[in-house]
Amino acid sequence: MELTELTALTAAEKIRKREISVIELTNAYLNRIDKLNGKVGAYITVCEKQALRQSESVQKKLNCKENVFPLAGIPAGLKDNICTKDVKTTCASRMLSNFFPPYDATVIEKLSEHDVIILGKLNMDEFAMGSSNENSWYTPVKNPWDPERVPGGSSGGAAAAVASHMSCFALGSDTGGSIRQPASFCGVVGLKPTYGAVSRYGLIAFASSLDQIGPITRDVADCALVMNVIAGYDPLDSTSVDMEYPDYTTFLKNDVKGLKIGLPKEYFGSGLHEEVKEKILDAAKAYESYGAIIEEISLPFTEYAIPAYYIISSAEASSNLARYDGIKYGYRAQEYADIIDLYKKTRSEGFGTEVKRRIMLGTYALSSGYYDAYYKKALKVRRLIFEDFQKAYQKVDVILGPTSPVTAFKIGEKTANPLEMYLSDIYTVSVNIAGLCAISLPCGFDTKGLPIGMQLIGKPFDEGTLLRAAYTYESNTGKSGVANCGI
């Protein structure tokens, strides 16, 4: 087995047993990136020198027999909207193509404290707006299972890097499914933590009430390991929740006896591909055979999730992206007549089509005469969706459904129809609207050999139950890892 095929847990054990060195492992990943990134397009920036310096430092600690953290020496990639001090952080946009943050995001500080090796910054949809990773200013990311297909978005680079063994794990961000949907398309595991469980300090904002950083990994155990590092209260983030966070690895138990799992009838209607539906129902039967109790439930406001999400997220994006004016930092138009012309040309040239579309939609929804009709109504729907889940959790412990209605579609297939593209998030956006946690993990393949992902949705701050349920399924089916990836 190649070094880059090892899970984080296995690689960490081999490092501690001196079976492999941190330098050896880091070089294996850097060589893999050098070989494949031109085909996949997962990385925007590769931090080769920094990664090698880090690996030498961690190896010295090991050689001196110092105690090290569980993820010490494990190479990881970061979505390019997470600020890294003195490392170019672009959000895959021309607007930030020359931005070098003067500080680290809290999650980066935590990874550094735990001696994780940072390989580089990963491609994404511009400012995290997209479901296919075709909106990057740099290059579209390609799905490692089939280079003619999308990897999902907006964390497509992160999922593709893990799937193609160019990163042992990655951190992405999830505003409406941007960790889970690409994890589904690329056959890896993606966890969207509860809103407030992981600090957003240093995450370049798209929609502040929806954004959440989370891990993309090879398997469920790695997911728990990464959560142990990144979860926790941060006084620098006003939305961070001050509570006692558990050791997530203690939930890695092959046991779901008595666990009540709900199947929302709204998730299995028209629009869901038959092969995806079949695999999700097979997973439900599998859980039943493990001792779980399967129950049909209803989430009646599901049909309003997409319009509510795009109004709320676009309104927040309109506000958050107003700071990019060509004055303080970032891209600035070269020729302009006056200050108003500077603003106009900078934003017209610096932002891509999808970002401009959402800014305009959000500005319209917040404008005088339309605020009550659109934005205020969307907030009321948000509350109703939250109450849907509250009622469901009075009956069940976890909700099971598809992550995406389809498997990875071809590059260019949906770009001409934004509404069709938006509908690919139909099963994921409700989780962000309600501030819940959810995990996507592989549950099989379609007839084209493309991965299918299933989604488990949990109560707020109940990531432990999600991890237990996911780990049980993975342990009994063996549906983890990406060794048969097409590239």
Identify the heavy atoms of R218 and S167 that sit nearest to each other, and give their distance. NH2-O, 3.2 Å
K410 backbone acceptor or donor facing E413 side chain under 3.5 Å: yes
For the pair E66 and K61, evaluate salt bridge (Lys or Arg N to Asp or Glu O under 4.0 Å) and give the outcome as yes or no after the intermediate values. CA-CA 5 Å; E66 292 183 30; K61 290 182 182 181; 5.3 Å; no
D34 side chain to L30 main-chain N or O, any donor-acceptor pair under 3.5 Å? no
Has K142 got more than 12 heavy atoms of other residues, nucleotides or ligands less than 6.0 Å from its NZ? no
Has the side chain of S155 got a donor or acceptor atom that lies under 3.5 Å from a matching backbone atom of G172? no
As a quick check of understanding, evaluate side-chain hydrogen bond (donor to acceptor under 3.5 Å, both in side chains) for R200 and Q212, giving each step before the final call. CA-CA 7 Å; R200 292 186 302 108; Q212 188 60 71; 5.5 Å; no
Please name all residues satisfying ring-ring contact (aromatic ring centres under 6.0 Å, His included) with Y195, sequence neighbours left out, ordered by chain then number. none
Taking the side chain from D242 and the backbone from Y233, do they hold a donor-acceptor pair closer than 3.5 Å? no
Charged N to carboxylate O under 4.0 angstrom, E296 versus K265? no
Beyond-backbone contact of F461 with M243, side-chain heavy atoms, under 4.5 angstrom: yes
Electrostatic pair R358-E354, nearest N-O below 4.0 angstrom: yes
Check the pair D211, S173 against side-chain hydrogen bond (donor to acceptor under 3.5 Å, both in side chains), reporting the backbone distance first and the verdict last. CA-CA 7 Å; D211 297 340; S173 69; over 6 Å; no
Specify the closest pair of heavy atoms between I439 and A470, including all atoms of both residues, with the distance to one decimal. CD1-CB, 4.2 Å
Supply the atom-to-atom distance D237 CG to T106 OG1, rounded to the nearest 0.5 angstrom. 7.5 Å
Nearest heavy-atom contact between V141 and P151 is O-CD, 3.1 Å
Walk me through it: do I82 and V107 pass the test side chain to side chain contact (heavy atoms under 4.5 Å, CB included)? CA-CA 8 Å; I82 303 173; V107 290; 3.8 Å; yes
May I ask you to check whether over 12 heavy atoms, not counting those of N67, lie within 6.0 Å of atom CG? no
Going by heavy atoms in the side chains, are Y393 and L436 under 4.5 Å from each other? yes
Would you name the heavy atoms of A231 and Y245 that are closest together and state the gap between them? CB-CD2, 4.3 Å
Which pair of heavy atoms, one from G77 and one from L122, lies closest together, and at what distance? C-CD1, 3.4 Å
dist L467:CG -> K253:NZ (nearest 0.5 Å) comes out at 12.0 Å
Please report the C-alpha distance between K121 and D80 in whole Å, then the side-chain angles of each, then the deciding distance to 0.1 Å, and finally whether the salt bridge (Lys or Arg N to Asp or Glu O under 4.0 Å) criterion is met. CA-CA 5 Å; K121 308 302 290 292; D80 206 23; 3.2 Å; yes
For F251 and Y471, run ring pair (Phe, Tyr, Trp, His ring centres under 6.0 Å): C-alpha distance rounded to whole Å, both residues' side-chain angles, the deciding distance at 0.1 Å, then the answer. CA-CA 9 Å; F251 297 99; Y471 183 77; over 10 Å; no
Supply the atom-to-atom distance K65 NZ to R18 CZ, rounded to the nearest 0.5 angstrom. 7.5 Å
Would the distance check show the side chain of T428 and the main-chain N or O of D425 forming a donor-acceptor pair, the cut-off being under 3.5 Å? yes
I297 vs I399, test: side chain to side chain contact (heavy atoms under 4.5 Å, CB included). Steps then yes/no. CA-CA 9 Å; I297 60 170; I399 293 169; 3.8 Å; yes
Going by ring-ring contact (aromatic ring centres under 6.0 Å, His included), name the residues that satisfy it together with F409, two or more places apart in sequence or in a different chain. F185
Please answer whether the main-chain N or O of N133 pairs with a side-chain N or O of D125 as donor and acceptor at a distance below 3.5 Å. yes
Given K17 and E13, is the salt bridge (Lys or Arg N to Asp or Glu O under 4.0 Å) satisfied, shown in steps? CA-CA 6 Å; K17 291 177 181 177; E13 287 173 354; 5.1 Å; no
Test: E387 and R383 ion pair at under 4.0 Å: yes
I want to know whether Y427 and Y267 have ring centres closer than 6.0 Å. yes
Mind listing the closest non-hydrogen atom pair of K192 and V431 along with its distance? CD-CG1, 3.9 Å
Roughly how far, to the nearest 0.5 Å, is the OH atom of Y290 from the OG1 atom of T472? 8.5 Å
Residues S209, R382; criterion side-chain hydrogen bond (donor to acceptor under 3.5 Å, both in side chains); working and verdict: CA-CA 11 Å; S209 74; R382 181 178 199 163; 3.0 Å; yes
Does D146 come within less than 4.0 Å of R149, counting only side-chain N to carboxylate O? yes
Between the main-chain N or O of I411 and the side-chain N or O of E148, is there a donor-acceptor pair closer than 3.5 Å? no
dist C443:SG -> L281:CG (nearest 0.5 Å) comes out at 10.0 Å
Okay, side chain of T250, backbone of D247: is any donor-acceptor separation there less than 3.5 Å? yes
For the residue pair D388 and P300, establish whether any side-chain heavy-atom pair is separated by less than 4.5 Å. yes
Could you walk me through whether N81 and T89 pass the side chain to side chain contact (heavy atoms under 4.5 Å, CB included) check? CA-CA 6 Å; N81 60 349; T89 302; 5.8 Å; no
Any sub-3.5 Å donor-acceptor pair from Q455's side-chain atoms to S440's backbone N or O? no
Check step by step if side-chain hydrogen bond (donor to acceptor under 3.5 Å, both in side chains) holds for S132 and E134. CA-CA 5 Å; S132 65; E134 294 172 279; 2.7 Å; yes
Side chain of Y201, backbone of P235: donor and acceptor closer than 3.5 Å? no
Residues K279, E275; criterion salt bridge (Lys or Arg N to Asp or Glu O under 4.0 Å); working and verdict: CA-CA 6 Å; K279 295 297 180 186; E275 288 183 86; over 6 Å; no
Hey, does P451 have a side-chain heavy atom less than 4.5 Å from the side chain of C186? no
Set of residues satisfying ring-ring contact (aromatic ring centres under 6.0 Å, His included) with respect to F386, sequence neighbours excluded: none
Would you please test D397 and I261 for side chain to side chain contact (heavy atoms under 4.5 Å, CB included) and show each step? CA-CA 6 Å; D397 303 305; I261 300 176; over 6 Å; no
Is it the case that more than 12 heavy atoms not belonging to E19 sit under 6.0 Å from its CD atom? yes
Taken to the nearest 0.5 Å, the spacing of S313 OG from M129 CE works out to 8.0 Å
